[in-house]
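A short worksheet on the structure shown next.
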Amino acid sequence: MTVTVRFAPSPTGRIHIGNARTALFNWLFAQKHKGRFIQRFDDTDVARSTQDNADSILYDLHWLGIFQDATEYQSKRIEHYDAAVERLKAAGLLYACYETPEELDLRRKVRRTRGLPPVYGREALALTSEQVAEFQADGRRPHWRFLLPNFISNPLEPQRTEIHWNDLVRGEETVDLASLSDPVLVREDGSYLYTLPSVADDIEMGVTHIIRGDDHVTNTGVQIALFKALGAEAPIFGHHNLLTTASGEGLSKRSGALSIGSLRESGIEPMAIASLAVLIGTSENVAAMPSLAALADRFDPASTSKSAAKFDADELVVLNRALLHHMPFSDARDRLAILGVTGERAEPFWNAVRGNLDRLSDALVWWRIVNEDLEKKPKFSKEDRDFLRGAFDLLPEDPWGEHVWKTWTAAIRKAGDRKGKALFMPLRLALTGLESGPELADLLPLLGRERTLARRP
Ligand code: GLU
């Protein structure tokens, strides 16, 4: 049996780091088991789903390093859901209801005041054919509910009915079907809610493992019953905890908060996002993993905590720095070339500056410092200027080897009485215009003798 997972967002906005968590849990699980990863777009809500959103989700996933073995759109598979509906109707497991939302609301209130759970009381099952004819004459169209198997012989007398599964993340889970309303599977206008198409697709696409957020735990009880009703065995489930912002707010696709696209635009590396999205809220330390393969080694769904994981977006910046610090030139080369960082000095330049970058694009600042005149001439006290002039006069002749900085500063030390910060700081300022940055020993050979001399104050 090939492990088959799916990532099934509704294309109603751009995916955020919480959605990336679900996608990555599935992708890494598939990688570990040499399985298949299906991209499924849950776009039965045509009013809110768009192809643009689906395309941007695919773009974001590819950028993260997730590639699909198949891509499916539920809007193109309606006939499969119609067939499932026919099966359920034939088995007497789907029944027509005519209540309006207001009527349902009122009933729930009445049940609450009587101390009953606010679930649907299956009143539609008791409708006479005259009542149904009357509704239809009034122009009311039915919505359809799935009859949950939570009774012995009389659906109006539900009994505690436990559905159990061994969750990949949460361990033993139980949902009592008597505590739930029969779910509406088909709306008045004939369109589908999420529950049935998801199960029909999971069956037909041979999904073996459903890994998703723990906001679906209750759905799983219902869906396991639906798998059975459709004659299929339920797959294995895993429900990971959800991510919230540091202040505890949930993430929403529609708000655009922390969308993968906006993080990319602000210069966050895909592996910074993937590392945080996967390791936060688990018993593993959050650390910058250089590749999805390395992350897969650290990934264990069972190490995920059951409570929501608060995360701090600032942590992405810390991870970003760590990734850049160790990023080999071969990984950075193409992106540096786009910034104009090319030629034989590109590699030593990258190795010199990568430890000082928040974002890869910050390399451009240093490339300019090394290749162009300084934007602002630094200002010095008279003593520092005199010291620097003397120091620049001691600059070694060409050709420069890799130890030129050592040779030069040894000569400066010998000629005067400055050492430590008093020696290095004015030199750093004169050479780079900044008070901190990469090792001067690395920058000096990149500057070359001529450009260095031009910075003599
Ligand atoms: N479209 C559903 C969601 O985004 C999919 C849930 C599932 O994986 O079954 O929540």
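Numbers here simply count residues along the sequence, with the first being 1. Numbering of ligands and ligand atoms starts at 1, following listing order. Worth saying up front: this structure is predicted, and the values here are computed from it rather than measured.
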field: Contact atoms of ligand 1, heavy-atom distance to D42 under 4.0 Å
entry: 1 (N), 2 (C), 5 (C)
message: Heavy atoms only, cut-off 4.0 Å: how does F7 contact ligand 1, side chain, backbone, both, or neither?
response: neither
query: Does an N or O anywhere in I210 fall below 3.5 Å from an N or O of ligand 1?
result: no
task: With sequence neighbours left out, write down each residue that passes side chain to side chain donor-acceptor pair (under 3.5 Å) with R40, or none if nothing qualifies.
output: D42, S198, D202
message: Does ligand 1 come near enough to R40 that some N or O of the ligand is less than 3.5 Å from an N or O of the residue?
response: no
statement: Atoms of ligand 1 under 4.0 Å from any heavy atom of R212, numbered from 1 in the order shown, are 7 (C), 8 (O), 9 (O)
message: A cation-pi test, strictly: NZ or CZ of R264 under 6.0 Å from the centre of the six-membered ring of W63 and no more than 45 degrees from its axis. Yes or no?
response: yes
task: Could you establish whether R6 and ligand 1 come within less than 4.0 Å of each other, counting only heavy atoms on the residue side?
output: yes
- line: Hits for ring pair (Phe, Tyr, Trp, His ring centres under 6.0 Å) against F151, two or more places apart or cross-chain, chain-then-number order -> none
- line: ligand 1 to S198, heavy atom cutoff 4.0 Å, flagged ligand atoms 9 (O)
- request: Please determine, by modelled atom types, if S191 and D189 share a side-chain donor-acceptor pair under 3.5 angstrom.
  value: yes
- request: Heavy-atom contacts with S10 under 4.0 Å: which atoms of ligand 1 show up? List them by number with element.
  value: 1 (N)
message: Any heavy-atom pair between the side chains of H209 and F29 that's under 4.5 Å?
response: yes
- request: Assess K32 against W27: is NZ or CZ under 6.0 Å from the centre of the six-membered ring, and within 45 degrees of the ring's axis?
  value: no
